[in-house]
Amino acid sequence: GENVEQHPSTLSVQEGDSAVIKCTYSDSASNYFPWYKQELGKRPQLIIDIRSNVGEKKDQRIAVTLNKTAKHFSLHITETQPEDSAVYFCAASKRAAGNKLTFGGGTRVLVKP
Amino acid sequence: ETGVTQSPTHLIKTRGQQVTLRCSSQSGHNTVSWYQQALGQGPQFIFQYYREEENGRGNFPPRFSGLQFPNYSSELNVNALELDDSALYLCASSLDWPATSTDTQYFGPGTRLTVL
């Protein structure tokens, strides 16, 4: 089955700096890659997603890139703010598997003011 | 916030007991997926229901079972509870049509289950 690895497990950045989280996946048939943000005690919240027919997607300070050949995708947060502090999860899925999401282990991001 | 709701919010059970968790989908969604999230880990897929039929199952034993109702709400049942079943149980709803590629899943707030 699919396996998703996520790095780093923790990331500390100064406010205003950029944060980058990287994920690799094992199943070349995966075609959907969402990113979720989970604050302490809250539900995972979708922040951005990308499908396999697209190489990059941006939404304000957040961008995601996908390299299908290398089977990795990354989340980029620019101009970080204290409210960006949370745990971020990447995930992968494919239609043939009933859209089952396989998650990475998570990255705890701390933005220091 | 999504329109996905779950009940109860918290639950404490003892080993060997049975538990039922409930999920109400976002309006218009016809697919519900259940995930188990242990402390400090990413969610693990349990199973998915599409139009009242199980549509995929993760690596969980048969004592984890589910139902989906005609209004697309869903239940997760766990029998013979074990200590390791202590976790946050999340449901996610989505709109699944054969013609589309992959459909975004929106999570509920979860049920925190503690097994003593």
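Lettering follows sequence order; numbering is per chain, from 1.
- Heavy-atom contacts from other residues, nucleotides or ligands closer than 6.0 Å to CD of B:E53 number 12 or fewer.
- Hydrophobic clustering (ILVMFWY, side-chain heavy atoms < 4.5 Å, transitive): B:F47 and B:F107 are in distinct clusters.
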What's the verdict on side chain to side chain contact (heavy atoms under 4.5 Å, CB included) for A:R43 and B:Q6, showing C-alpha distance, side-chain angles and the deciding distance?
-> CA-CA 11 Å; A:R43 72 185 78 198; B:Q6 290 186 243; over 6 Å; no
How far apart are the C-alpha atoms of B:Q105 and A:Y32, what are their side-chain angles, what is the distance that settles it, and do they pass the side chain to side chain contact (heavy atoms under 4.5 Å, CB included) test?
-> CA-CA 11 Å; B:Q105 295 188 23; A:Y32 176 62; over 6 Å; no
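- There is no contact between A:Q6 and chain B, counting heavy-atom distances below 4.5 Å.
- The cluster map of Ile, Leu, Val, Met, Phe, Trp and Tyr, joined by side-chain heavy atoms under 4.5 Å apart, puts A:L66 and A:W35 in the same cluster.
- In this structure, B:V4 is not a member of the same hydrophobic cluster as B:L11, with clusters built from ILVMFWY side-chain heavy atoms closer than 4.5 Å.
- Under a hydrophobic-cluster definition in which Ile, Leu, Val, Met, Phe, Trp and Tyr are linked whenever side-chain heavy atoms come within less than 4.5 Å, directly or via other members, B:L90 and B:L67 are assigned to different clusters.
- Among B:G110, B:P43, B:G58, the residue making the largest number of heavy-atom pairs under 4.5 Å with chain A is B:P43.
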Check the pair B:Q37, A:F89 against side chain to side chain contact (heavy atoms under 4.5 Å, CB included), reporting the backbone distance first and the verdict last.
-> CA-CA 12 Å; B:Q37 186 176 25; A:F89 291 98; 3.5 Å; yes
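- At least one donor-acceptor pair closer than 3.5 Å links the side chain of B:Y35 to the backbone N or O of A:L101.
- Here the straight-line distance linking atom OH of B:Y106 with atom CG of A:L46 works out to 6.0 Å at 0.5 Å rounding.
- Note on A:I77 and A:V87: separate hydrophobic clusters, where clusters join Ile, Leu, Val, Met, Phe, Trp and Tyr whose side-chain heavy atoms are under 4.5 Å apart, directly or indirectly.
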